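Below you'll find the structure, written out as structure tokens, and then a few comments.
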Amino acid sequence: MPSVAMTVNGKAVSGEVETRTLLVHFLRENLRLTGTHVGCDTSQCGACVVHVNGKAVKSCTMLAVQAEGAQVTTVEGLTQDGKLHPVQAAFKEHHGLQCGFCTPGMIMTAVDMIRRIPDLDEKTIRAELEGNLCRCTGYQNIVKAIEAASKEMKGARA
Amino acid sequence: MTASIIGTSVRRKEDHRFITGQGRYTDDINRPGQAHAYFLRSPHAHAKIKSIDTAAAKAAKGVVGIFTGADIAADKLGPLTCGWMVTSKDGSPMKMGAHPVLAGDRVRYVGDHIAIVIAETHAQAKDAAELIAVDYEELPAVVDPAHAADAGAAQLHPEAPRNTIYQWELGNKPETEAAFKKAATKVSLNLTNNRLIPNAMEPRAAIGEYDDGTGGYTLYVTSQNPHVARLVISAFIGLAPEHKLRVVAPDVGGGFGSKIFIYAEEVVCTWAAKKVKRPVKWAAERSESFLSDAHGRDHITHAELALDADARILGLHVKTTANLGAYMSTFSSSVPTYLYGTLLSGQYNIPAIHVEVDAVYTNTAPVDAYRGAGRPEATFVIERIVEEAARQLKLDPVEFRRKNFVRTFPHQTPVIMAYDIGDYDASLDAAMKLANAKDFPARRAEAKARGKLRGLGYSTYIEACGLAPSAAVGSLGAGVGLWESAEVRVTPTGSVEVFTGAHSHGQGHETTFAQVVAGRLGIPLENVEIIHGDTNSVQFGMGTYGSRAAVGLTAVSRALDKIEAKAKKIAAHVLEASAADIVFENGEFKVAGTDRKLAFHEVALNAYVAHKFPTSEIEPGLKEGAFHDPTNFTFPAGCHICEVEIDPETGVTKVVNFTAVDDFGNVINPMVVEGQVHGGVAQGIGQALLEHGVYDKESGQLITGSYMDYTMPRADDLPTYKLGFTVTPCPSNPLGMKGCGEAGAIASPAAVINAVTDALGVKEFDMPATPQRVWATINRNRAAAE
């Protein structure tokens with residue numbers, strides 16, 4: 001079995017994997033980082049979104065060996081020094097989650113979205129959420145949370 | 001902290017673990033030494049199994065064990081069962097075919113379980129499954145429920161001739177026939193309630209474990225009701241005595257009904273754990289969820305309404321064929337009967353109703369409760385035909401509804417239900433105002449100028465929640481009582497643990513239940529812990545579905561009554577006063593008319609040190625339980641208004657405005673309630689515009705077997721909803737709640753389709769209103785006009 005090494009949430013990690021092992025399974029099974037979820041098998045639902053070298057990626061569409069040497073951030077790596085990331089805080093404040101299963105993927109997508117697009121409005125957020133499914137919230141409060149976090153983070157940068 | 005915390009939008013206690021990736025769902029749990037399971041499933045809709053050869057698979061790398069239906073039969077493991085007995089109109093009991101947890105000599109739908117393959121890894125189990133050689137003799141499949149009972153159709157179960165499970169009726173046939181005889185106007189409508197696939201975002205999963213030392217089994221499972229799972233697996237399937245089976249439902253990623261039921265995989269994993277002497281873990285791939293989760297809806301209905309010359313409803317006749325799939329799932333029989341026929345009176349005075357339901361087997365996945373369960377189907381029938389009646393009579397649909405509204409309570413319908421309270425005009429008025437309905441004609445004209453078609457649709461719905469008085473459901477065939485339990489344990493330092501039989505899988509019980517306790521006892525929210533989902537912690541409970549949390553919360557409230565009563569007695573001794581003089585307010589026990597008082601935590605400590613009261617009269621400690629059986633259903637009701645705009649060139653229907661005004665009685669946490677409405681409406685719009693579980697009519701293959709083919713609502717398919725609330729407090733529980741979990745999914749499909757048919761100027765339109773169907777209808781009408 002090939003071995004693979006990468007940096008996950010700032011820590012150097014390595015492991016033996018089958019060549020067919022997906023990045024999401026490496027994270028969940030080898031590293032026991034179970035915050036990243038598997039909600040489908042066709043790369044549609046987005047529950048598995050993580051950041052690879054700073055970009056949002058569905059970790060079910062990538063082989064673990066493809067992430068060799070990469071910087072990977074999962075939802076567990078968002079909280080810094082015990083302080084919630086503004087997107088995490090906004091999801092709580094605006095009730096952007098119910099069962100919580102899609103939430104890690106939604107949050108990781110949202111962080112990337114806010115980084116890429118400086119002026120997010122409702123229409124853009126809804127379009128950008130194309131790759132993430134939620135069955136509980138009807139998306140309304142997810143959209144609200146992302147809009148609020150975007151504004152707050154912009155304020156913090158200014 | 002005072003009672004005022006009840007009714008406020010407290011942020012959720014459970015959120016922290018979910019937003020930081022620390023939720024603990026079944027698939028996140030790993031047991032020492034666990035092996036992984038994969039289920040070999042039938043690729044055929046209907047076939048005889050002539051032989052199964054597992055030799056090559058057993059020799060494959062990593063394989064720990066492979067078991068088939070023969071092994072299940074050898075261990076005399078009982079079949080899955082349906083727990084609600086429905087009786088046909090001829091008095092005969094429903095005809096249930098056997099549902100073995102692994103197939104015997106026959107498979108009856110694509111996805112039917114044939115073998116469990118257990119290996120060191122999931123990938124190895126899956127690889128080995130491909131090496132199992134099954135010799136099938138394919139049989140003709142029955143797919144279309146409309147023809148399942150036809151003479152000559154293939155038969156699924158020997159127990160059910162003509163694939164008919166029951167022919168049920170409710171209401172009064174002669175009175176309804178008489179109503180139609182004297183009717184000035186008759187309205188008829190054909191309706192299809194499309195099959196839906198629930199698709200909770202967390203796929204089902206199970207880990208079975210056997211402890212040889214104690215002889216006890218543990219099952220971790222994605223369940224909405226772990227105690228019911230334990231009861232069924234013990235008493236009906238016979239896997240283990242109830243006290244030797246622990247069922248844990250940890251964080252559960254959405255249910256919507258689909259995780260109420262007892263499924264084959266969880267039973268087989270638990271049973272196999274003893275066979276292979278290792279924990280056995282199974283997590284469904286999404287494709288397996290599509291194939292094997294219980295689906296929802298799937299009705300074909302013909303409805304007729306009789307009206308007098310003054311447009312008052314005289315009678316309603318409904319004839320429905322309900323597709324229950326290849327086997328009867330846990331509660332499937334109740335959905336198209338007692339959860340459906342009983343709600344057909346809607347918000348209206350209807351003197352005579354007669355409903356007939358034929359339930360049939362087909363070679364498709366089992367169908368059972370999905371968000372709303374029977375009530376969305378009933379609302380779709382009554383709200384579509386009421387709208388159509390107004391159109392036929394050329395009356396304003398709002399005025400037609402008002403003419404027929406129930407306005408005096410209690411109101412006994414001809415179909416069992418006794419509505420206790422409501423104000424249907426109030427929710428209709430509020431919704432019309434929020435939707436700015438009066439300016440709709442101007443918006444329609446403006447859209448027309450842009451070449452677009454606008455339509456407006458109403459749904460003034462009622463539903464029944466808080467299931468349900470045990471004796472009442474028992475008399476209707478339920479195999480269980482539908483009370484709920486709660487135990488409140490106060491610690492010596494005055495914090496509180498609440499053990500509830502309700503289960504939270506997104507509803508936010510850890511917050512809303514805590515609000516009730518904190519508000520009542522005057523203690524901080526942080527000092528209250530809600531414990532649920534483990535049969536080792538909670539004595540018994542019926543779980544969460546049908547907005548049953550209202551029942552669970554009443555049980556908590558009753559246990560708190562007992563806590564307060566005992567605490568008062570203890571406080572009286574400590575304060576050297578008479579118990580009758582002790583008042584409890586704002587978290588303090590006071591001697592009335594004095595400044596002598598004790599905080600709640602001081603009484604708690606006294607209860608446990610037991611120094612200052614006679615333990616011969618008062619037992620030490622502070623712990624009370626309650627079993628609450630509701631006295632009636634609760635009746636949430638309201639008005640949803642949908643405005644659509646259709647592009648005739650593409651057939652794309654856009655929901656441009658959606659307004660929901662609901663009367664849920666008193667509300668514990670408005671933020672959580674609004675979230676429930678958002679999600680429910682999204683599922684309802686999904687049903688009306690996007691979602692459809694489709695099987696190939698000949699082969700019985702599931703055509704919509706992934707997110708590539710089954711259209712889930714996405715963020716840009718949905719509008720921002722306008723919500724409003726009216727309140728008539730429920731008289732049958734002390735908190736005045738009615739329940740809010742299903743209303744969105746119940747009310748909205750009719751509102752959407754009423755809007756679509758209004759925009760298109762057509763009478764009937766089958767859900768989902770996909771662009772292809774809408775475009776075809778527009779062009780058919782154009783061609784007919786030319």
Side-chain angles (χ1 to χ4, degrees), chain A residues 18 20-21 25 28-29 32-45 47 74-79 84-85 87-89 91-105 107 122-123 125-144, chain B residues 9 11-12 14-25 27-30 121-123 198-203 251-256 283 285-287 289 504-508 671-672 674-683 685 706-708 712-718 720-721 744:
Chain A
E18 287 190 73
R20 63 179 166 179
T21 301
H25 291 133
R28 286 182 55 83
E29 307 298 330
R32 295 285 192 240
L33 291 170
T34 55
T36 304
H37 297 150
V38 182
C40 75
D41 43 19
T42 50
S43 292
Q44 301 277 307
C45 81
T74 70
V75 70
E76 289 94 341
L78 270 192
T79 307
L84 292 177
H85 186 282
V87 173
Q88 291 173 310
F91 267 68
K92 175 168 182 169
E93 175 61 25
H94 297 280
H95 191 31
L97 63 147
Q98 289 179 27
C99 81
F101 194 81
C102 76
T103 308
I107 288 176
E122 184 196 332
K123 195 163 183 275
I125 295 169
R126 285 184 183 271
E128 285 284 324
L129 286 176
E130 174 65 24
N132 292 72
L133 289 174
C134 168
R135 195 57 152 168
C136 294
T137 65
Y139 303 99
Q140 186 149 322
N141 288 342
I142 292 177
V143 173
K144 220 159 102 182
Chain B
S9 292
R11 299 307 185 260
R12 299 201 320 170
E14 48 270 79
D15 283 356
H16 183 76
R17 66 178 186 271
F18 296 130
I19 58 179
T20 54
Q22 299 178 96
R24 190 165 172 268
Y25 302 89
D27 191 29
D28 298 339
I29 296 170
N30 292 292
T121 71
H122 177 259
N199 275 304
M201 290 316 300
E202 178 204 24
D251 286 329
V252 172
F256 315 111
E285 298 181 344
R286 180 59 59 183
S287 312
S289 310
S504 186
H505 32 280
Q507 295 88 343
M671 175 190 81
V672 167
E674 285 176 13
Q676 288 290 314
V677 176
H678 294 162
V681 171
Q683 286 176 348
I685 293 176
S706 80
Y707 289 144
M708 313 283 279
M712 291 277 281
R714 290 174 189 269
D716 59 356
D717 294 318
L718 300 168
T720 296
Y721 317 115

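Quick caveat: nothing in here was measured; it's all calculated off a predicted structure. No hydrogens, no waters, no symmetry mates; every other heavy atom, side chains included, goes into these values.
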* To do: Please test B/Arg714 against A/Gln44 for side-chain contact (heavy atoms from CB on, under 4.5 Å), starting from the C-alpha separation and ending with a verdict.
  => CA-CA 11 Å; B/Arg714 290 174 189 269; A/Gln44 301 277 307; 3.2 Å; yes
* **chain B contact via A/Thr137 - which portion, at a heavy-atom distance below 4.5 Å** => backbone
* Counting only heavy atoms closer than 4.5 Å, note whether B/Tyr721 contacts chain A via side chain, backbone, both or neither. => both
* Asked: Which value, rounded to the nearest 0.5 Å, describes the distance between A/Arg28 atom CZ and B/Asp27 atom CG?
  -> 4.5 Å
* For the pair B/Thr720 and A/Arg126, evaluate side-chain contact (heavy atoms from CB on, under 4.5 Å) and give the outcome as yes or no after the intermediate values. => CA-CA 10 Å; B/Thr720 296; A/Arg126 285 184 183 271; 3.2 Å; yes
* To do: Let me know if A/Tyr139 has heavy atoms under 4.5 Å from chain B in its side chain, its backbone, both or neither.
  => side chain
* B/Ala715 versus A/Leu129, closest heavy-atom pair with distance -> CB-CB, 3.9 Å
* Residue A/Leu84 versus chain B: region with a heavy atom under 4.5 Å -> side chain
* Asked: In terms of heavy-atom proximity below 4.5 Å to chain B, should A/Glu128 be classed as side chain, backbone, both, or neither?
  -> neither
* **Region of A/Ile107 that comes under 4.5 Å of a non-hydrogen atom in chain B** => side chain
* Asked: Which bit of B/Ser706 comes within less than 4.5 Å of chain A, counting heavy atoms only: side chain, backbone, both or neither?
  -> side chain
* Asked: Looking at B/Gln507, B/Gln676, B/His678, which hits side-chain contact (heavy atoms from CB on, under 4.5 Å) with A/Gln98?
  -> B/Gln676
* Please tell me if the side chains of B/Met201 and A/Leu133 come closer than 4.5 Å, counting only heavy atoms from C-beta onward. => yes
* **Region of B/Gln22 in contact with chain A, defined by heavy-atom distances below 4.5 Å** => neither
* Structure fact -> To the nearest 0.5 Å, atom OG of A/Ser43 lies from atom OH of B/Tyr707 at 12.5 Å
* Answer with side chain, backbone, both or neither: which region of A/Glu122 has an atom nearer than 4.5 Å to a non-hydrogen atom of chain B? => side chain
* Asked: A/Val38 versus chain B, heavy atoms under 4.5 Å apart: side chain, backbone, both or neither?
  -> backbone
* For A/Arg135 against B/Pro713, the heavy-atom pair lying closest together -> NH1-CD, 3.5 Å
